[in-house]
Structures are given as structure tokens and as C-alpha cells.
Amino acid sequence: QVHVVESGGGLVQAGGSLRLSCAASGRTFIRYDMGWFRQAPGKEREFVAAISWRLSTTYYADSVKGRFTISRDGAKNTVYLQMNNLKPEDTGVYYCAAAVGSGISYYYYADLRNYVYWGQGTQVTVSS
């Protein structure tokens with residue numbers, strides 16, 4: 001059993017910034033690869049970014065590359081998503097998730113079927 005909690009969402013004007021936080025914990029601690037997904041109104045859930053545990057390799061969707069940065073604080077067992085130059089199309093519910101195992105390519109981390117533990121989601125709204 002793993003508990004995932006994300007926070008840091010809010011309302012921001014276009015061009016602004018937000019930092020989301022995600023923490024995962026359990027009775028038996030396992031170091032997971034972590035990913036961020038988002039779901040806009042009327043849209044399917046889509047991949048945003050991911051970071052591996054062993055080497056901290058990062059992966060980004062083309063739509064956010066250059067604007068978002070995923071990072072990990074090992075001491076706090078917390079993953080962050082720094083979002084800069086936000087656009088209205090970034091609006092949606094952002095979810096943090098822990099992967100079942102470890103991947104070797106972008107395609108592994110972008111597939112939501114490879115994640116088994118999900119947070120409750122945090123709302124990000126970007127006004128024009």
C-alpha cells in the first residue's frame with residue numbers, strides 16, 4: 001500500500017508560475033519512479049513529465065518542454081513540478097503517480113498503464 005499526495009495548485013494569470021509538490025509513502029518504503037499527468041475539461045488524461053528514481057532521468061511532453069521542470073528531493077521523498085510561463089491550455093487537474101517499476105524510454109513513462117498509485121489531483125487554472 002502506497003499513499004500519494006500532491007499539492008500546490010491554484011489560480012494564476014498567463015505567464016505566471018506555480019510549483020506542484022508530490023509525496024509518496026507506505027508502510028514498506030519503496031523508491032518509485034514518479035510521473036505527472038494532467039486532465040483538462042472534456043479531455044483524456046495526458047502525460048506531462050516523469051523522473052526515474054535511480055538516475056533521476058527526466059522526460060517531458062513536447063507541450064511543456066522548456067517551460068516545466070520535474071525534480072526530486074531525496075531527503076524529503078518529494079517530487080516537484082515547477083511550471084513557468086503558464087498558458088491557458090495548461091489548465092486542468094494535475095495528478096502525481098508512482099510507477100510499478102522502472103522504464104528505459106519516454107514511451108514507458110508516458111503510458112499511464114505503467115502507474116499503479118495515484119494522488120487525488122490538484123487543480124491548476126491559468127487565466128488569459
Side-chain angles (χ1 to χ4, degrees):
Q1 181 67 39
V2 175
H3 186 57
V4 179
V5 179
E6 65 267 77
S7 61
L11 174 64
V12 65
Q13 193 170 353
S17 299
L18 286 173
R19 189 179 75 161
L20 306 183
S21 299
C22 173
S25 62
R27 291 187 177 184
T28 302
F29 179 74
I30 301 175
R31 295 188 286 271
Y32 299 96
D33 292 1
M34 304 294 294
W36 287 97
F37 291 77
R38 68 186 181 188
Q39 188 165 16
K43 303 291 185 179
E44 294 185 348
R45 192 168 300 184
E46 66 175 353
F47 172 73
V48 176
I51 185 168
S52 70
W53 179 248
R54 191 170 71 87
L55 298 177
S56 294
T57 304
T58 58
Y59 305 86
Y60 298 95
D62 288 341
S63 60
V64 306
K65 195 171 185 178
R67 298 187 299 119
F68 292 10
T69 302
I70 187 171
S71 62
R72 181 190 298 271
D73 185 337
K76 298 181 179 179
N77 192 32
T78 301
V79 175
Y80 302 97
L81 184 68
Q82 178 66 47
M83 305 184 294
N84 297 325
N85 191 25
L86 284 162
K87 304 175 180 179
E89 50 262 45
D90 294 318
T91 293
V93 178
Y94 283 67
Y95 299 90
C96 180
V100 176
S102 296
I104 59 173
S105 72
Y106 168 90
Y107 300 99
Y108 173 88
Y109 292 102
D111 189 347
L112 57 80
R113 294 175 297 178
N114 290 320
Y115 299 81
V116 69
Y117 302 111
W118 293 82
Q120 80 288 344
T122 185
Q123 177 70 43
V124 172
T125 302
V126 184
S127 62
S128 60

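- Two different hydrophobic clusters hold Leu11 and Val124 under the rule that ILVMFWY side chains link at heavy-atom gaps under 4.5 Å.
- Looking only at distances, a side-chain donor or acceptor of Tyr60 sits under 3.5 Å from a matching main-chain atom of Ile70.
- Residue Gln123 comes nearest to Gly92 through the heavy atom pair NE2-O, 3.5 Å, listed as atom of the first residue, atom of the second, then distance.
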I'd like to know whether Phe47 forms a ring pair (Phe, Tyr, Trp, His ring centres under 6.0 Å) with Tyr106, so could you lay out the CA-CA distance, the side-chain angles of the two residues, the decisive distance to 0.1 Å, and finally the verdict. CA-CA 10 Å; Phe47 172 73; Tyr106 168 90; 5.5 Å; yes
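- Asp90 places a side-chain N or O within 3.5 Å of a backbone atom of Lys87 that can act as its donor or acceptor partner.
- At least one donor-acceptor pair closer than 3.5 Å links the side chain of Tyr115 to the backbone N or O of Tyr109.
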Using side-chain contact (heavy atoms from CB on, under 4.5 Å), reason through Ser17 and Val12 one step at a time and then give a plain yes or no. CA-CA 7 Å; Ser17 299; Val12 65; over 6 Å; no
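- With sequence neighbours excluded, the residues satisfying salt bridge (charged side-chain N to carboxylate O under 4.0 Å, His left out) with Glu46 are Arg38.
- Taking 4.5 Å as the limit, every side-chain heavy atom of Ser102 sits out of range of all side-chain heavy atoms of Arg54.
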Start with the C-alpha gap between Trp36 and Met83, add the side-chain angles, then the distance that decides, and say whether side-chain contact (heavy atoms from CB on, under 4.5 Å) holds. CA-CA 12 Å; Trp36 287 97; Met83 305 184 294; over 6 Å; no
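- Looking at Thr91, its side chain does come within 3.5 Å of a backbone N or O of Val126 through a donor-acceptor pair.
- Geometric assessment of Arg19 against the ring of Tyr80 yields a positive cation-pi assignment under the 6.0 Å and 45° thresholds.
- Defined by atom type and a distance below 3.5 Å, a donor-acceptor pair is missing between the side-chain atoms of Asp33 and Ser52.
- Atom OH of residue Tyr117 and atom NE2 of residue His3 lie 13.0 Å apart, to the nearest 0.5 angstrom.
- With hydrophobic clusters built from ILVMFWY side chains whose heavy atoms lie under 4.5 angstrom apart, Met34 does not share a cluster with Trp118.
- Residues Tyr95 and Tyr59 share a hydrophobic cluster, clusters being chains of Ile/Leu/Val/Met/Phe/Trp/Tyr side chains in contact below 4.5 Å.
- Counting only distance, with no hydrogens or angles, the side chain of Gln120 and the backbone of Glu6 share a donor-acceptor pair below 3.5 Å.
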Apply side-chain contact (heavy atoms from CB on, under 4.5 Å) to residues Gln82 and Ser71 and explain how you reach the verdict. CA-CA 8 Å; Gln82 178 66 47; Ser71 62; over 6 Å; no
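- In this structure a side-chain-to-backbone donor-acceptor pair under 3.5 Å is present from Asn114 to Tyr108.
- Considering all non-hydrogen atoms of both residues, Gly8 and Leu18 come closest at O-CD2, 4.1 Å.
- Under the 4.5 Å side-chain heavy-atom criterion for Ile, Leu, Val, Met, Phe, Trp and Tyr, Val5 and Val2 are members of distinct hydrophobic clusters.
- Taken from CZ in Phe37 to SG in Cys96, the straight-line distance is 10.0 Å, to the nearest 0.5 Å.
- In this structure, Val48 and Phe68 approach most closely via the heavy-atom pair CG1-CD2, 3.8 Å.
- Listed here is the closest heavy atom pair of Ala14 and Ser128: CB-CA, 4.4 Å.
- Linking ILVMFWY residues whenever their side-chain heavy atoms come closer than 4.5 Å, directly or via other members, leaves Leu112 and Val100 in distinct clusters.
- Not a single donor-acceptor pair under 3.5 Å links the side chain of Asn77 to the backbone N or O of Ala23.
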